[in-house]
Amino acid sequence: MAKPNVPNYNPDEIERKWQEQWAADGLYKSDINDSRTKFYALTMLPYPSGDLHIGHWYAITPSDARARYKRMNGFNVLFPIGFDAFGLPAENAAIKRNIHPKTWTYANIDRMRGQLKSMGAMFDWRREIISADEKYYRWTQWFFIQLYKHGLAYRKMSPVDWCPKDHTTLAREQVVGEDRHCERCGTPVIKKDLEQWFFRITNYAEELLNFEGIDWPERVRTLQTNWIGKSEGALVTFKTEAGDPIEVFTTRPDTLWGVTFMVLAPEHPLVQKLTTPENQANVEQYIMDAQRQSDIQREAQDKEKSGVFTGGYAINPVSGERIPVWIADYVLMTYGTGAIMAVPAHDQRDFEFARKFKLPVKVVVQPGGSPVLEPEDMTEAVPAAGALVNSGPLTGTPGDRSFKRAVEYVTQLGAGKGATNYRLRDWLISRQRYWGAPIPIIYCKTHGAVPVPEDQLPVKLPEDVEWKPTGESPLKLHPTWRKTTCPICGAPAERETDTMDTFMCSSWYHLRYLSPDFSEGPFDPKEYDYWMPVDTYTGGIEHATMHLIYTRFFHKALRDMGITEGPEPMLQLRNQGMVLGEDSEKMSKSRGNVVAPDNLVKAYGADTVRAYLMFFARWDMGGPWSSGGIDGVSRWLHRVWTTLLEPASASGKANETAVKSLRRKVHQTLRTVTKDFETFEFNTIISAMMELMNEMAKVKPEVAGSAAWNEAADIYLKMLAPVTPHISEEIWHLMGNKKSIHLQAWPKVDEVAARQEEITLVVQVNGKVRDRIIVPADIDEEKAKAAALESEQVHKFLEGGKPRQVIYVKGRLVNIVM
RNA sequence: GCCGGAGUGGCGGAAUUGGCAGACGCGCACGACUCAAAAUCGUGUUCCCUCGGGAAUGUGGGUUCGAUUCCCACCUUCGGCACCA
C-alpha cells in the first residue's frame with residue numbers, strides 16, 4: 001500500500017481536524033467588505049425535525065460547493081444557515097413523547113447543528129438564526145404590525161379547513177389529494193367558521209405573475225402562474241326579480257345572450273331570499289348535503305351534476321329574459337363571485353347540468369366552417385369562438401371581436417365591466433396552535449383590534465401552557481397570559497390567542513441572517529445594502545407555490561413600505577431533486593429504505609458523501625440512492641490521495657509531448673469544471689475530475705516532478721477544494737503549503753495549453769461513420785475534404801462512384817453523400 | 001381533463017444543443033500481485049453477426065447530407081392543478 005512516509009487517507013481524522021482548525025481560524029466569517037463584490041448564496045433553512053437526513057445533505061452540500069467556488073472566484077460570499085423552528089411537528093412530537101415543544105425543538109437543533117458541522121460547509125455560524133428565538137420572532141411580529149398598519153393584514157370570519165386530528169386550521173396548500181386530507185396526518189379535513197387573520201397577497205397577484213429580471217426555473221414560474229390563475233373576462237350584474245344584484249364573473253361575455261339559467265353556490269348570501277316557500281325544503285336539504293359533502297371524502301372527478309331550483313328568477317341585463325336561479329355545488333363560493341351565468345350551449349359543465357335538469361339550450365355562437373348548431377342535436381357544449389347569432393344588437397359580430405364588443409356593450413348599459421379574476425386567495429395566517437409566534441394584537445371593547453406597540457415586542461410565548469390538543473388555542477387556556485390592557489385606553493383587554501403560520505417566519509429569514517442580533521430593526525440597513533438581494537437561492541421544488549410565493553409577496557409588500565428595495569428578493573433560483581431509496585421509492589421509515597448520512601460519514605467520510613451526492617444524478621433530477629455507487633467515489637478520492645502524495649516510483653524523464661498533453665488535459669478539465677459550476681451541473685464536474693485523475697495516474701511515472709506535474713496537482717486540488725474541502729486541504733498542506741486552500745484563487749484556464757492541435761476528423765459516407773482521421777486542428781475545408789476522400793476506408797464504400805455532395809462541419813466531420 | 005418534467009446498455013447517468021451515441025461510475029468477466037482472500041492495479045464490457053458488417057436513444061411517422069437533439073401523432077411514467085365560470 002502506501003509508502004512508509006505517506007500517511008493513509010483517514011477521512012475521520014482529517015475531517016475532524018480541519019473542521020476544528022477552520023473554526024479556530026474563523027476561516028468562514030462573512031463580513032461586509034466594500035472592496036470585494038458580494039455574493040449571497042442562500043439554501044432553504046431546515047426544519048429541526050430530529051436528524052439531518054440525506055435530503056438535507058443533497059440540498060446543502062452542492063450549494064456549499066458552489067458557494068465555495070464563488071468564493072475562490074473572488075466574491076465575498078455569504079452562505080448562512082439556521083432553523084425554521086416553529087411549527088406543528090414539534091407539538092405532535094411533544095404530545096407523543098410528553099416533552100415540551102420547546103425542549104424537543106431546541107434539543108433537535110443542537111443535534112442537527114452538530115450534524116451540519118460534519119458536512120464541512122462554509123457556514124458562518126455567527127449568523128445562525130432560529131425562528132423560535134425571541135430575538136427573531138420579535139421581528140416576525142413587527143412585520144405583522146407593519147402589514148396591518150399598511151392595510152395588508154385584516155380579519156374576517158371565514159370557513160376554514162380544519163383538521164379534526166391536529167386541531168388546527170389548514171391553509172389550502174396544506175389540504176392535499178382528492179379526498180382533501182391533512183398534509184401532515186392524512187385525516188380528511190372538515191370546514192369550520194372562525195375569525196381569522198389574512199394577508200392581502202391578492203393585491204400583488206398581477207405583480208407576482210411577472211418574473212422579469214429573475215432567473216427562476218421555467219417549472220417554478222409555471223407552477224406559480226397556474227397557482228395565481230389569472231383569467232380575463234367581465235363582471236356582469238344580473239338582478240333578481242326583487243331587485244337584488246347578483247354579480248357574476250364570466251370569461252365569455254360574448255355568450256351573454258345564451259344564458260338560460262343561473263347557478264349560485266349553496267353558501268351564496270342571496271340563496272335564502274331567492275328561495276320560494278315551495279322550494280324551501282329542497283334547498284335546505286341540498287345545502288345540508290353540500291356541506292356534508294365537503295366534510296366527508298369527496299367522490300371522484302366525474303361526479304354527476306347535482307343541484308336544485310330555488311324558485312327564484314333573475315333578469316338578463318342584455319336581453320331582459322327571465323332566468324331561473326338554481327343552486328349547485330359545482331359553483332364555488334371561493335372562486336369568482338360565487339355565482340355564474342350558465343350558457344349550456346357553450347360550456348360543458350352548464351351543458352351537463354342543463355341536460356340533466358331539462359333546462360333549455362340556446363346557441364349564440366356559430367363557429368365558422370361547422371354545420372349550423374341545433375340545440376336538440378347537440379351532445380356536448382361547443383366552447384369555440386365564432387360569429388355571434390341570436391344575440392340581439394351584437395348578432396353577426398365575428399368571433400375575433402365578439403369578446404371586446406360584448407364588454408363594451410354591457411359597460412354602456414351600466415350592467416357590467418371588463419374584469420380580471422384570480423384563483424389566488426388571500427393568505428390565511430392564523431393558527432390555533434401553541435408553537436408559533438403569537439399574533440401581536442390586543443382586543444379592546446372600545447377600540448377593537450389594536451396592534452401591540454412596537455416597543456412592547458416581542459409578545460412572548462409563555463412556556464407554562466397546556467400544549468396538548470383540546471380543540472382550543474392553547475394560549476386561550478392559559479390562566480393569565482391573554483389578560484392585558486388596551487394600549488390606547490388602558491382598559492382591560494385581551495390578547496389574540498392564535499399564532500402565526502410558520503411560512504410567515506420563513507418569508508423574511510434571509511433578511512435576519514444579515515444581522516441576527518440587531519435590535520434596532522429586523523435587519524441592519526448597512527448589511528442589507530451590501531448583501532441583498534440573494535444571488536442564488538437553492539431548495540426543493542415543493543415550495544414553489546407556498547414559501548416561494550409568500551417570500552416574493554413579503555418582499556414586494558415591504559418594498560412598498562420602504563423597508564426593502566428592488567422588485568425581487570432572490571435573483572436566481574435552482575431546485576434540487578429528491579434522493580430516493582435504493583428501491584426507487586420515496587424514503588420512509590415504514591419502507592425501511594432510509595439512508596442515514598451519519599452512518600455514511602462514519603463509513604466513508606463527509607468528503608466522499610458530498611462528492612457522491614454531486615455525482616450520482618443530475619442535481620435537479622435526483623434519483624435512487626445506490627450503496628454500491630458510493631464505493632466508486634470513495635475509490636476515486638483514495639486514488640487522488642495516493643497519486644498526489646506518493647513519490648513517483650520511476651525517475652521520470654518528462655518528454656515534451658507527455659507534458660503538453662497533460663497540460664492540455666488539465667486546462668480542458670478546468671474549463672469544463674468552471675463552466676459546470678456556473679450551470680449547477682455537478683455530476684459532470686466529478687466525472688471530468690475522475691477522468692483527469694485517471695490520466696494523471698497514468699502519466700505520473702513519466703512526468704512526476706516536472707513543472708507541468710506540479711501545476712496539474714495544484715490546479716487539481718483547487719478544483720477539488722469546493723467539492724471535498726477536507727481532503728483537498730490536507731493534501732495541500734502535506735505538499736508543503738501553509739495557507740488554507742480555501743483562501744486560494746480559482747485557477748485560470750491557459751487557453752494556449754488547452755488548445756487541441758490535432759483533431760479526429762470523422763469521415764462519413766451517406767451519414768455512416770467509415771473512418772476517423774487525425775488532422776491539424778486548423779485544417780481548412782479544402783484540405784479536410786481532400787483528406788477524407790483519400791481515406792482507404794472511404795474508397796471501399798465509394799465503389800468508384802462519384803460523390804454527389806461533400807459536407808464539411810468545421811473541426812468535426814466530413815460527410816460524403818453518394 | 002388541463003399544465004409541466006422524464007423515457008438512452010444489466011444499473012446511475014454523459015453527449016459542446018443538429019454532427020463519432022453510451023463519457024464517468026457501479027456491476028460483471030478475465031488477468032497481475034497474493035499460499036489464499038480482501039484491497040489495489042491492468043484489460044474488456046450496448047445488442048446481433050457468417051467478422052465483411054448490421055441494428056439501436058419509449059413507439060410510429062416527418063424534416064435533413066446527418067436526429068438522443070427539431071416537428072407531428074401515440075404509449076409509459078412522475079409531479080402539479082382540477083366542476084376556476
Side-chain angles (χ1 to χ4, degrees), chain A residues 1-2 173 176 178 217-227 229-231 233 248-252 255 262-263 265 298 301-306 328-332 334-343 347-350 352-353 421-423 541-542 544-545 577-578 580 582 584 612 615-618 620-621 623-633 635-636 638-639 642 671-672 675 681 683-694 697-698 760-772 796 803-818:
Chain A
M1 270 261 352
E173 47 270 24
V176 293
E178 276 164 24
E218 177 72 39
R219 202 160 147 225
V220 174
R221 300 202 313 247
T222 307
L223 283 169
Q224 294 203 350
T225 303
N226 292 343
W227 187 260
K230 178 179 181 171
S231 35
V248 300
F249 176 75
T250 176
T251 53
R252 290 297 300 274
T255 62
M262 292 183 80
V263 187
R298 267 174 59 178
Q301 48 271 55
D302 293 328
K303 210 176 65 168
E304 268 272 301
K305 287 274 174 297
S306 69
D329 62 2
Y330 82 90
V331 174
L332 312 171
T334 49
Y335 183 80
T337 62
I340 62 157
M341 56 179 231
V343 186
D347 180 283
Q348 186 57 25
R349 292 154 304 169
D350 298 346
E352 285 165 23
F353 195 86
N421 194 54
Y422 300 92
R423 204 187 78 102
I541 185 84
E542 68 273 18
T545 55
M578 213 191 322
L580 303 172
E582 279 199 85
S584 296
Y612 182 62
F615 176 65
F616 88 104
R618 259 178 68 174
D620 57 342
M621 304 284 268
W625 177 264
S626 150
S627 53
I630 193 170
D631 288 323
V633 170
R635 269 173 220 154
W636 164 58
H638 277 91
R639 207 163 138 92
T642 52
R671 187 158 60 199
T672 70
K675 188 211 121 236
E681 287 169 275
N683 53 341
T684 45
I685 290 177
I686 310 297
S687 44
M689 298 277 297
M690 285 173 166
E691 222 175 306
L692 175 57
M693 186 40 58
N694 291 345
K698 203 152 105 193
T760 306
L761 194 65
V762 171
V763 184
Q764 298 182 331
V765 177
N766 287 333
K768 290 207 165 115
V769 180
R770 297 302 181 189
D771 201 4
R772 298 183 170 91
K796 268 194 343 214
R804 203 166 45 130
Q805 197 186 350
V806 180
I807 286 155
Y808 173 64
V809 181
K810 193 170 182 306
R812 288 191 206 282
L813 59 69
V814 175
N815 187 12
I816 299 160
V817 187
M818 296 301 288

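Chain letters run A, B, ... following the sequence lines, proteins first and then strands; every chain starts at 1. Note that the structure is predicted; figures quoted are calculated from it, not measured.
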With [X] via ring-ring contact (aromatic ring centres under 6.0 Å, His included) - residues at least two apart:
{"X": "A:W636", "result": "none"}
{"X": "A:F615", "result": "none"}
{"X": "A:Y330", "result": "A:F353"}
{"X": "A:F249", "result": "none"}

Evaluation steps, salt bridge (charged side-chain N to carboxylate O under 4.0 Å, His left out), between A:R349 and A:E352: CA-CA 5 Å; A:R349 292 154 304 169; A:E352 285 165 23; over 6 Å; no
Interface polar pairs with nucleotides 8-12 of chain B, N/O, under 3.5 angstrom:
| residue | atom | partner | partner atom | Å |
| --- | --- | --- | --- | --- |
| B:G12 | O2' | A:F616 | O | 2.5 |

Enumerate donor-acceptor pairs with a distance under 3.5 Å from any side-chain N or O in residues 684-694 of chain A to protein atoms, sequence neighbours excluded.
| residue | atom | partner | partner atom | Å |
| --- | --- | --- | --- | --- |
| A:T684 | OG1 | A:D676 | OD2 | 2.8 |
| A:T684 | OG1 | A:E681 | O | 3.1 |
| A:S687 | OG | A:N683 | O | 3.3 |
| A:S687 | OG | A:T684 | O | 3.4 |
| A:E691 | OE2 | A:K665 | NZ | 3.2 |
| A:N694 | OD1 | A:R639 | NE | 3.3 |
| A:N694 | OD1 | A:R639 | NH2 | 3.0 |

Taking side-chain hydrogen bond (donor to acceptor under 3.5 Å, both in side chains) as the definition, give me every residue that meets it alongside A:N226, ordered by chain and number, with sequence neighbours left out.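 Result, side-chain hydrogen bond (donor to acceptor under 3.5 Å, both in side chains) vs A:N226: none returned.
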Using side-chain hydrogen bond (donor to acceptor under 3.5 Å, both in side chains) as the criterion, list what pairs up with A:R772, not counting sequence neighbours. none
Between B:G25 and A:N694, is there an OP1 or OP2 to side-chain N/O distance shorter than 4.0 Å? yes
Atom pairs, N/O to N/O, protein against nucleotides 27-31 of chain B, distance under 3.5 Å?
| residue | atom | partner | partner atom | Å |
| --- | --- | --- | --- | --- |
| B:G27 | OP2 | A:R635 | NH1 | 3.4 |

Map every base of RNA chain B to its dot-bracket character, where paired means a Watson-Crick or G-U wobble contact with both distances under 3.5 Å and | marks a partner outside the strand. (((((((..(((......[....)))((((((.......))))))(((....)))..(((((..]....))))))))))))....
Which residue pairs pass the side chain to side chain donor-acceptor pair (under 3.5 Å) test when at least one of the two sits in residues 807-818 of chain A, sequence neighbours left out? none
Quick one: what's the B/S/- string for nucleotides 47-53 of chain B, heavy-atom cutoff under 4.0 Å, read 5' to 3'? ------S
